[in-house]
Engineer: 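My questions all concern the structure below.
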Amino acid sequence: MFKQYFQQAWSQLRQQPLISTVNILGTALSIFLIMLVVMMQQVKVAPFAPESARDRFLHVRYSSIGYDKWGEGNTSNGPMSARTGRELYKSLETPEAVTIYTVGTTVTPVNLPNQPATAVDVKETDDDFWRVFDFAFTDGKPYDRAMFDAGQPVAVVTESVARSLFGTTDVAGREFLLAHAPYRVCGVVQDVSTLADMAYAQVWIPYTSTGQADNTWNGGLMGMMSCTILAKDRDDFPAIRAECGRRLEAYNRVIGENGWEFISRNRPYDQEKNSIAMAANWEPDVKSARRERWVIFLILLIVPAINLSSMTQSRLRQRVSEIGVRRAFGSTRGELMGQILGENLIVTLLAGIVGLLLSVAFAYMGDSVFFAQEYSATLNPPTVDASILLHASTFGWALLFCFVLNLLSSGLPAWRASRMNIVEAIGGRLH
């Protein structure tokens with residue numbers, strides 16, 4: 001049956017090349033736009049190395065601080081200090097691991113002695129950073145707890161930085177200058193896409209090797225640090241949040257003696273909620289963001305569906321006699337509707353494949369535009385991970401949208417055609 005529908009659909013395409021071309025291109029454009037929206041969301045939440053455990057992540061990127069002398073409702077907003085991170089989150093017992101690191105990267109010069117400097121993106125972390133995020137080490141190993149506690153000037157660098165400095169990636173144990181201070185390479189990792197918001201950098205160093213722990217204000221409560229919590233299982237999220245709540249109450253009792261209050265705004269957030277959290281003093285509405293995406297999908301489906309419906313109706317007008325003859329020879333209304341829907345679905349699927357290929361191609365060629373990071377000063381354009389764009393769910397979404405678009409564009413014409421009067425249909429009249 002599928003082969004028969006395909007042959008009939010192909011015959012219709014060849015008989016009306018102009019209308020068929022417009023039909024396929026219009027549908028492909030719709031699928032192309034929808035898939036871009038889907039992909040732009042996927043790169044924010046889909047797991048990929050070194051953030052392969054995104055489904056088990058909880059984040060505290062920003063926070064708010066209140067002070068009784070500022071007046072009610074007045075807060076200071078931004079990243080927290082290392083001290084706050086340690087008191088509130090590092091001591092959690094439920095998660096598998098908790099890491100504290102600088103909220104963003106810092107553009108810093110690196111070079112060898114008596115050589116020109118190159119600017120790289122540097123992130124300062126603790127030793128648990130390497131437990132939470134799964135980097136691919138090609139040489140050496142990450143700094144451990146002893147190195148971190150001692151504040152040793154060691155660094156993990158990407159392969160591109162290693163090649164730029166030393167001309168090779170086998171550089172564990174060699175020294176270089178970071179902001180004119182000597183550092184020793186302890187490990188080399190594969191380059192990381194800027195789309196890995198939390199893990200991305202080109203050079204990682206212990207924050208104890210700098211003065212970052214003392215870079216604080218507002219009573220030492222705020223600084224430049226953020227936190228990622230790795231749960232053993234996603235089902236542990238409620239228990240982790242409950243433990244965070246208890247820690248927050250205890251912490252606020254202590255700092256409250258000096259008039260301070262730490263305001264979490266229901267943090268930590270999971271990966272989806274964190275991806276739309278753009279400000280410290282605003283809690284994002286995940287349900288509202290999802291509704292907005294569905295509204296966009298519906299608009300991108302309904303508008304072409306209306307046009308395609310008119311084209312489907314036009315094609316059916318030229319097949320009125322054929323439909324009448326089929327009815328006269330015993331075809332049921334269900335069989336007739338199935339045939340029309342099946343033929344149109346094949347055309348829609350062909351257009352969907354074209355639209356999907358276009359979206360993937362444009363995503364790779366226009367990644368610096370489509371996936372540009374907001375509020376980012378990174379020196380590197382985003383690189384798209386093929387495992388995200390070519391994921392099975394991407395094809396699943398494309399097929400779903402093709403199916404819905406087919407129902408919207410050909411459902412009513414098929415129903416009307418199936419209910420035609422046989423005599424009038426054979427006479428070539430369609431009302």
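Predicted model, so just to flag it, every value in this text is computed and none were measured. Numbering starts at 1 and runs along the sequence shown.
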Engineer: Main chain of Ala280, side chain of Arg265: is a donor-acceptor contact present, judged purely on distance under 3.5 Å?
Structural biologist: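 A pair under 3.5 Å: yes.
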Engineer: Just to verify, what does Arg291 make a side chain to side chain donor-acceptor pair (under 3.5 Å) with, not counting sequence neighbours?
Structural biologist: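 Side chain to side chain donor-acceptor pair (under 3.5 Å) check on Arg291 returns nothing, list empty.
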Engineer: Walk me through it: do Arg290 and Glu272 pass the test salt bridge (Lys or Arg N to Asp or Glu O under 4.0 Å)?
Structural biologist: CA-CA 10 Å; Arg290 289 174 180 173; Glu272 180 183 9; 2.6 Å; yes
Engineer: How long is the straight-line distance from CZ of Arg163 back to CG of Leu165, given to the nearest 0.5 Å?
Structural biologist: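 Rounded to the nearest 0.5 Å, the CG-CZ separation comes to 11.5 Å.
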Engineer: Tell me, with the steps shown, if Trp204 and Val192 meet side chain to side chain contact (heavy atoms under 4.5 Å, CB included).
Structural biologist: CA-CA 12 Å; Trp204 298 262; Val192 178; 4.0 Å; yes
Engineer: Report the residues that fulfil ring pair (Phe, Tyr, Trp, His ring centres under 6.0 Å) with Tyr67, sequence neighbours left out, ordered by chain and then residue number.
Structural biologist: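 In terms of ring pair (Phe, Tyr, Trp, His ring centres under 6.0 Å), with neighbours along the sequence ignored, Tyr67 is linked to Trp70, Trp260.
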Engineer: Can you name the side chain to side chain donor-acceptor pair (under 3.5 Å) partners of Tyr101, sequence neighbours left out?
Structural biologist: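 Tyr101: side chain to side chain donor-acceptor pair (under 3.5 Å) contacts with Thr228.
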Engineer: Please enumerate all residues that pass salt bridge (charged side-chain N to carboxylate O under 4.0 Å, His left out) together with Glu96, with sequence neighbours excluded.
Structural biologist: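 Salt bridge (charged side-chain N to carboxylate O under 4.0 Å, His left out) check on Glu96 returns Arg56.
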Engineer: Apply side chain to side chain contact (heavy atoms under 4.5 Å, CB included) to residues Gln271 and His59 and explain how you reach the verdict.
Structural biologist: CA-CA 7 Å; Gln271 183 69 28; His59 304 283; 2.8 Å; yes
Engineer: Set out, in order, the CA-CA distance, both residues' side-chain angles and the distance that settles side chain to side chain contact (heavy atoms under 4.5 Å, CB included) for Val171 and Val188, then state yes or no.
Structural biologist: CA-CA 8 Å; Val171 298; Val188 180; 3.5 Å; yes
Engineer: Is the shortest side-chain heavy-atom distance between Ser63 and Asn77 below 4.5 Å?
Structural biologist: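 With C-beta onward as the side chain, the pair stays apart.
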Engineer: In this structure, which one of Thr168, Thr169, Thr138 forms a side-chain hydrogen bond (donor to acceptor under 3.5 Å, both in side chains) with Glu159?
Structural biologist: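 By the side-chain hydrogen bond (donor to acceptor under 3.5 Å, both in side chains) criterion, Glu159 pairs with just one of Thr168, Thr169, Thr138: Thr138.
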Engineer: Who passes side chain to side chain donor-acceptor pair (under 3.5 Å) against Asn266, sequence neighbours left out?
Structural biologist: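 Residues passing side chain to side chain donor-acceptor pair (under 3.5 Å) with Asn266: Glu283.
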Engineer: Side chain to side chain donor-acceptor pair (under 3.5 Å) with Asn215: which residues, sequence neighbours excluded?
Structural biologist: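 For Asn215, the residues satisfying side chain to side chain donor-acceptor pair (under 3.5 Å) (neighbours in sequence not counted) are Gln212.
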Engineer: Are the side chains of Leu221 and Arg83 in contact, using a 4.5 Å heavy-atom criterion?
Structural biologist: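 Yes, close enough: below the 4.5 Å cut-off.
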Engineer: Hey, could you give me each pair passing ring pair (Phe, Tyr, Trp, His ring centres under 6.0 Å) that has a residue in residues 145-184? Not counting sequence neighbours.
Structural biologist: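 Matches after skipping sequence neighbours: Phe148-Tyr207.
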Engineer: Between Thr94 and Asp236, is a side-chain hydrogen bond (donor to acceptor under 3.5 Å, both in side chains) present by the stated rule, with each step listed?
Structural biologist: CA-CA 8 Å; Thr94 308; Asp236 292 338; over 6 Å; no
Engineer: Who passes salt bridge (charged side-chain N to carboxylate O under 4.0 Å, His left out) against Arg247, sequence neighbours left out?
Structural biologist: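 If we apply the salt bridge (charged side-chain N to carboxylate O under 4.0 Å, His left out) test to Arg247, skipping adjacent residues, the hits are Glu243.
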Engineer: Are Glu124 and Met225 side-chain neighbours, meaning at least one heavy-atom pair lies under 4.5 Å?
Structural biologist: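 Not in contact.
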Engineer: Would you call Lys69 and Glu261 a salt bridge, taking side-chain N to carboxylate O under 4.0 Å as the test?
Structural biologist: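 Salt bridge: no.
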Engineer: For a 4.5 angstrom cut-off between non-hydrogen side-chain atoms, does Val60 reach Met80?
Structural biologist: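 Val60 reaches Met80 side chain to side chain.
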Engineer: Name all residues meeting the ring pair (Phe, Tyr, Trp, His ring centres under 6.0 Å) criterion together with Tyr251; count only those two or more places apart in sequence or in a different chain, and write none if there are none.
Structural biologist: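 Tyr251: no ring pair (Phe, Tyr, Trp, His ring centres under 6.0 Å) contacts found.
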Engineer: Roughly how far, to the nearest 0.5 Å, is the CD1 atom of Ile100 from the CG atom of Asp126?
Structural biologist: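 Asp126 CG to Ile100 CD1: 6.0 Å, rounded to 0.5 Å.
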Engineer: Are Arg61 and Val103 packed together at the side-chain level, in the sense that at least one heavy-atom pair is separated by less than 4.5 angstrom?
Structural biologist: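 Yes, their side chains come closer than 4.5 Å.
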Engineer: Specify the closest pair of heavy atoms between Ala172 and Cys186, including all atoms of both residues, with the distance to one decimal.
Structural biologist: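 In this case the closest contact between Ala172 and Cys186 is CB-O, 4.2 Å.
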Engineer: Just verifying a value: how many Å separate Ile255 CD1 and Thr84 OG1, rounded to the nearest 0.5 Å?
Structural biologist: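 Atom-to-atom, Ile255:CD1 and Thr84:OG1 are 7.0 Å apart.
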Engineer: Do you know the tightest heavy-atom contact between Pro206 and Val154?
Structural biologist: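 Heavy-atom minimum between the residues: CD-O, 3.2 Å.
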Engineer: I need the minimum non-hydrogen distance between Pro116 and Asn111, along with the two atoms involved.
Structural biologist: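 Heavy atoms only, the tightest pair is O-CB, 3.3 Å.
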Engineer: Heavy atoms only: give me the nearest Lys90-Val98 pair and the separation to one decimal.
Structural biologist: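 Nearest heavy atoms, Lys90 then Val98: NZ-O, 2.8 Å.
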Engineer: Run the ring pair (Phe, Tyr, Trp, His ring centres under 6.0 Å) test on Phe57 and Phe133 for me, step by step, so that the C-alpha distance in whole Å, both residues' side-chain angles and the decisive distance to 0.1 Å come before the verdict.
Structural biologist: CA-CA 10 Å; Phe57 282 169; Phe133 301 105; 5.4 Å; yes
Engineer: Keeping Thr106 on the side-chain end and Thr108 on the backbone end, is there a donor-acceptor pair under 3.5 Å?
Structural biologist: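 Checking the backbone N and O of Thr108 against the side chain of Thr106, no donor-acceptor pair under 3.5 Å is found.
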Engineer: Name all residues meeting the salt bridge (charged side-chain N to carboxylate O under 4.0 Å, His left out) criterion together with Arg145; count only those two or more places apart in sequence or in a different chain, and write none if there are none.
Structural biologist: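 Applying salt bridge (charged side-chain N to carboxylate O under 4.0 Å, His left out) to Arg145 gives Asp127, Asp128.
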Engineer: Look up atom CE in Met222 and atom OH in Tyr62, then write down how far apart they are to the nearest 0.5 Å.
Structural biologist: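 Met222 CE to Tyr62 OH: 10.5 Å, rounded to 0.5 Å.
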Engineer: Could you tell me the separation between the NZ atom of Lys123 and the CD1 atom of Ile205, rounded to the nearest 0.5 Å?
Structural biologist: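 If we round to the nearest 0.5 Å, Lys123:NZ and Ile205:CD1 are 11.5 Å apart.
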Engineer: For the residue pair Ile240 and Ile229, establish whether any side-chain heavy-atom pair is separated by less than 4.5 Å.
Structural biologist: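 Yes; the side chains approach each other to less than 4.5 Å.
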Engineer: Can you tell me if Asn281 and Ser64 form a side-chain donor-acceptor pair at under 3.5 Å?
Structural biologist: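 Ser64 and Asn281 do not have a side-chain donor-acceptor pair below 3.5 Å.
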Engineer: Going by distance alone, is a donor N or O of one side chain under 3.5 Å from an acceptor N or O of the other, for Thr158 and Ser160?
Structural biologist: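 Looking only at side-chain atoms, Ser160 and Thr158 do form a donor-acceptor pair, the distance falling under 3.5 Å.
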Engineer: Closest heavy-atom contact between Phe297 and Val38?
Structural biologist: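 Where Phe297 meets Val38 most closely, the heavy atoms are CZ-CG2, 3.8 Å.
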Engineer: Any side-chain heavy atom of Val161 within less than 4.5 Å of one from Val203?
Structural biologist: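 Yes, close enough: below the 4.5 Å cut-off.
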Engineer: Using the ring pair (Phe, Tyr, Trp, His ring centres under 6.0 Å) criterion, which residues pair with Tyr143? Sequence neighbours excluded.
Structural biologist: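 Expected list: Trp130.
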Engineer: Considering non-hydrogen atoms only, spot the tightest contact between Tyr200 and Asp121 and give its length.
Structural biologist: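 Taking Tyr200 first and Asp121 second, the nearest heavy atoms are OH-OD2, 2.6 Å.
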Engineer: For Phe237, check ring pair (Phe, Tyr, Trp, His ring centres under 6.0 Å) against everything at least two apart and list the hits.
Structural biologist: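 Scan of Phe237 (ring pair (Phe, Tyr, Trp, His ring centres under 6.0 Å), adjacent residues dropped) gives none.
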Engineer: Assess whether a salt bridge exists between Asp270 and Arg54, defined as any Lys/Arg side-chain N lying under 4.0 Å from an Asp/Glu carboxylate O.
Structural biologist: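 So Asp270 does not pair with Arg54 through a salt bridge.
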Engineer: Could you check whether any side-chain heavy atom of Leu58 comes within less than 4.5 Å of a side-chain heavy atom of Arg241, counting everything from C-beta outward?
Structural biologist: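 Yes, at least one pair of side-chain atoms sits under 4.5 Å.
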Engineer: Within this structure, what is the CG-CG distance for the pair Leu88 and Asn252, rounded to the nearest 0.5 Å?
Structural biologist: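 Answer rounded to 0.5 Å: 8.0 Å.
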